[in-house]
Amino acid sequence: MFRNYTMNQLVLPLDLEVKLQKNDIAFHVHHLVESIPHEAFEPFLRNEGCPAYHPRMMLKIILCAYSQSVFSGRKIESLLKDSIRMMWLAQGYEPSYRTINRFRVQPEVKELIRQCFVQFRCQLIEEKLIDQEAIFIDGTKIEANANKFTFVWKKSVEKYHQSLIEKSNQLYHELLENEIIPEIERESDEQLSLEELTEVDQKVDDVVTAYDKQIEASSDVTERKALRNDRKYPKQIRKQLIDFVMRKKKYQQDLEILGARNSYSKTDPEATFMRMKDDYMKNGQLKAGYNVQIATEGQYSLAYSLFSNPTDTHTLIPFLDEIEQHYFELPKHLVADAGYGSEQNYNDILLNRKREALITYNMYLKEQKKKHKQNKFNPDNWQYDEETDTYTCPNQKRLEFQYHSVRNNRTGFKRNYKIYESEDCTGCPFRSSCTKAKEGNNRKIMVNEKWEQQKEYVRVKLSEEETSAIYRKRKIDVEPVFGFLKANLRFTRFSVRGKPKVENEMGLALMAVNLRKFTANNQGNRRIFLINRER
């Protein structure tokens, strides 16, 4: 005997919600998107044309698809026809892949994604899944949707631009010496600007045009031959000038796109070439990508931001600014690894934001080793006399204060150093081990007092039981999120180009990771969000 199976008969119930498990991820997606305030959807309102799909529905189906590792617009469209949870979220609608792709890259969607993170954090607080005592910050590099062979390097552009400047200056002076063109007004003697180079090209073109008219007006064969011979040089020069103008325009555009970066991709100009950890060939291959920064607590992403800068050091301050401005108030403790440890970052967190920085610095772990502490040639281990402001080297020679030095980093932050110099290093038996200075020069050391105070602050904080316990959570809090993103969700490469579009996709992927983890944690006795249906 078999169960009833009839293809041409209507089978109840028609409500697809009944087909879903009680803790299905679709319920959590629905609850999250429904918690977004109505005002966030007002920018999507249009008074003309055919009524659009509701942005709540579009955001739900995209989030649900991302949570199932489906990132392609065409595959999302297929899921709307095959997946029960997708059918229920869409309530029978089947937007095309073009509609899906157009929606998720709209600038207005960024605010919806931000609201998702804000509302999700409120939900975590309500469920007491986070205690708001600290946030854990880290970054990872994700490959851009760009051809890895379409690179433009800043050093090469600057090199060829400088060569062009020299050639154009030489050509300009040559034209003046041969009295082909009159002298023009220049903004700078160092180089011809694009406008000035275009003006020189126009003047040479006028000379060539004048020769053409003389040749046409002349009927004497000998005179025409002489005029053509005279026209030959400025005609050749004009070809060079046309090439110079085009190259000048290209180099200026390249430098403008590069800004402070060292490279960019032609297929995605906002992506920078970075070294990726997933380098299977072990040859240090560079790929176009973005530096993704996230702030987590309880292994949930609470905020994120994208940077074209491959190093983490200069991303911390703008990321914290973005968190305060768009997401939530910073907690008491800010935790990050040694990649973020710098004088500028400590100064910003401790003085400007009045928070505790549980961030190590590059030499922190090395300083804990016995070899480092017993190295007598390390200035950190030298005896310091506060009264005389001198250091004593292993050869019992004093290093006295000489002068102050100020150095600026790439962002313009000033660091103050005190320079000390040994009284005499002549005949020192430890010279080869102590210094690389040339014979006749004495050993010098640079001391940044503020930096030393900040390092001491970090050492004290990480030796205290409470704060060291918070710092030890870093590896088990923020690192797994990247593992979930790349290994579980299989999100290892962006599918869109341009930073605004990439930011939207990154937000959707991180929120999908959050929803998957939240759903998994709700398998036990946690409260399940049920849907209040209108009957």
Side-chain angles (χ1 to χ4, degrees), residues 21 23-33 58-80 82-83 85-86 89 97 100-101 103-105 109-110 112-114 116-117 119-121 123-124 129 136-145 271 274 276-278 280 287 289-306 475-497 501-523:
Q21 296 181 5
N23 192 40
D24 195 275
I25 195 171
F27 292 137
H28 299 289
V29 172
H30 170 80
H31 179 271
L32 177 64
V33 177
M58 296 296 295
L59 184 58
K60 287 177 187 178
I61 63 173
I62 292 174
L63 274 174
C64 189
Y66 270 65
S67 69
Q68 298 172 70
S69 303
V70 177
F71 314 116
S72 163
R74 291 179 185 270
K75 290 182 180 179
I76 295 174
E77 182 185 3
S78 297
L79 277 182
L80 288 167
D82 300 337
S83 170
R85 60 168 63 101
M86 292 286 282
L89 288 172
Y97 71 91
I100 295 167
N101 290 339
F103 176 82
R104 61 177 168 176
V105 299
V109 173
K110 186 177 181 181
L112 295 185
I113 296 171
R114 186 191 73 82
C116 281
F117 278 90
Q119 297 300 327
F120 186 76
R121 181 173 178 271
Q123 190 171 312
L124 294 176
L129 293 172
F136 303 87
I137 297 172
D138 203 358
T140 189
K141 298 176 182 67
I142 296 182
E143 187 179 351
N145 182 14
M274 310 175 183
M276 304 288 179
K277 286 186 178 178
D278 55 342
Y280 306 112
K287 294 179 182 178
Y290 290 92
N291 187 356
V292 180
Q293 299 290 311
I294 63 169
T296 69
E297 188 179 358
Q299 296 186 357
Y300 292 104
S301 300
L302 305 181
Y304 77 101
S305 187
L306 265 77
K475 286 185 178 180
I476 61 171
D477 198 290
V478 66
E479 297 287 358
V481 176
F482 294 133
F484 300 151
L485 179 70
K486 295 182 178 181
N488 295 356
L489 201 67
R490 299 194 295 277
F491 187 90
T492 56
R493 191 174 190 265
F494 292 110
S495 59
V496 291
R497 297 176 179 177
K501 298 177 183 179
V502 167
E503 283 180 336
N504 286 359
E505 186 171 37
M506 190 72 254
L508 292 168
L510 288 171
M511 185 49 62
V513 172
N514 285 344
L515 289 165
R516 282 179 63 156
K517 182 173 179 61
F518 187 81
T519 304
N521 287 343
N522 272 272
Q523 295 290 352

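Values below: every heavy atom of this structure, side chains too, minus hydrogens, waters and symmetry copies. From a predicted model like this one, the values you see are computed outputs, not experimental measurements. Just so you know, residue 1 is the first one in the sequence shown, and it goes up from there.
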For N23 and H28, run side-chain contact (heavy atoms from CB on, under 4.5 Å): C-alpha distance rounded to whole Å, both residues' side-chain angles, the deciding distance at 0.1 Å, then the answer.
CA-CA 8 Å; N23 192 40; H28 299 289; 2.8 Å; yes
Contact between R85 and V29 at the side-chain level, heavy atoms closer than 4.5 Å - yes or no?
no
Answer yes or no: is there a side-chain heavy-atom contact under 4.5 Å between L485 and I142?
yes
Dump the intermediate steps for side-chain contact (heavy atoms from CB on, under 4.5 Å) on L59 and L508, then the final yes or no.
CA-CA 9 Å; L59 184 58; L508 292 168; 3.9 Å; yes
Return the minimal non-hydrogen interatomic distance between L489 and A509, and the atom names on each side.
CD2-O, 3.5 Å
Let me confirm one number: the CZ-NZ distance from R493 to K486, rounded to the nearest 0.5 Å.
14.0 Å
Assess whether side-chain contact (heavy atoms from CB on, under 4.5 Å) is satisfied between I294 and Y304, documenting all intermediate values.
CA-CA 4 Å; I294 63 169; Y304 77 101; 4.0 Å; yes
dist Y300:OH -> N521:CG (nearest 0.5 Å) comes out at 4.0 Å
When every non-hydrogen atom of A512 is compared with those of L63, the smallest separation belongs to CB-O, 4.2 Å
Which heavy-atom pair separates F136 from V478 by the least distance, and what is that distance?
O-CG2, 3.9 Å
How long is the straight-line distance from CD1 of I61 back to CD1 of I76, given to the nearest 0.5 Å?
7.0 Å
For E77 versus I100, what's the shortest heavy-atom pair and its separation?
N-CD1, 4.0 Å
Under 4.5 Å between any side-chain heavy atoms of R516 and F484, yes or no?
no
State whether a side-chain donor-acceptor pair under 3.5 Å links Y66 with E505.
yes
Between the CG atom in L89 and the CE atom in M86, the distance rounded to the nearest 0.5 Å is 7.0 Å
Considering all heavy atoms of both residues, which atom of P480 and which atom of Q299 are nearest to each other, and what is their separation?
CG-NE2, 3.7 Å
Which residues pass the ring-ring contact (aromatic ring centres under 6.0 Å, His included) test with F491, sequence neighbours left out?
F71, F494
So does R74 have more than 12 non-hydrogen atoms from other groups sitting under 6.0 Å from CZ?
no
Applying side chain to side chain donor-acceptor pair (under 3.5 Å), name anything that partners R497, two or more places apart in sequence or on another chain.
none
Passes side-chain contact (heavy atoms from CB on, under 4.5 Å), R104 versus V109? Steps please.
CA-CA 6 Å; R104 61 177 168 176; V109 173; 5.5 Å; no
Distance from N101 atom CG to S495 atom OG, nearest 0.5 Å?
8.0 Å
Got F518 and Q123 here, is their nearest side-chain heavy-atom distance under 4.5 Å?
yes
Flag if over 12 foreign heavy atoms under 6.0 Å of NZ, K517:
yes
Smallest heavy-atom separation, K141 atom then M276 atom, equals CB-SD, 3.6 Å
Taken to the nearest 0.5 Å, the spacing of E479 CD from T140 OG1 works out to 8.5 Å
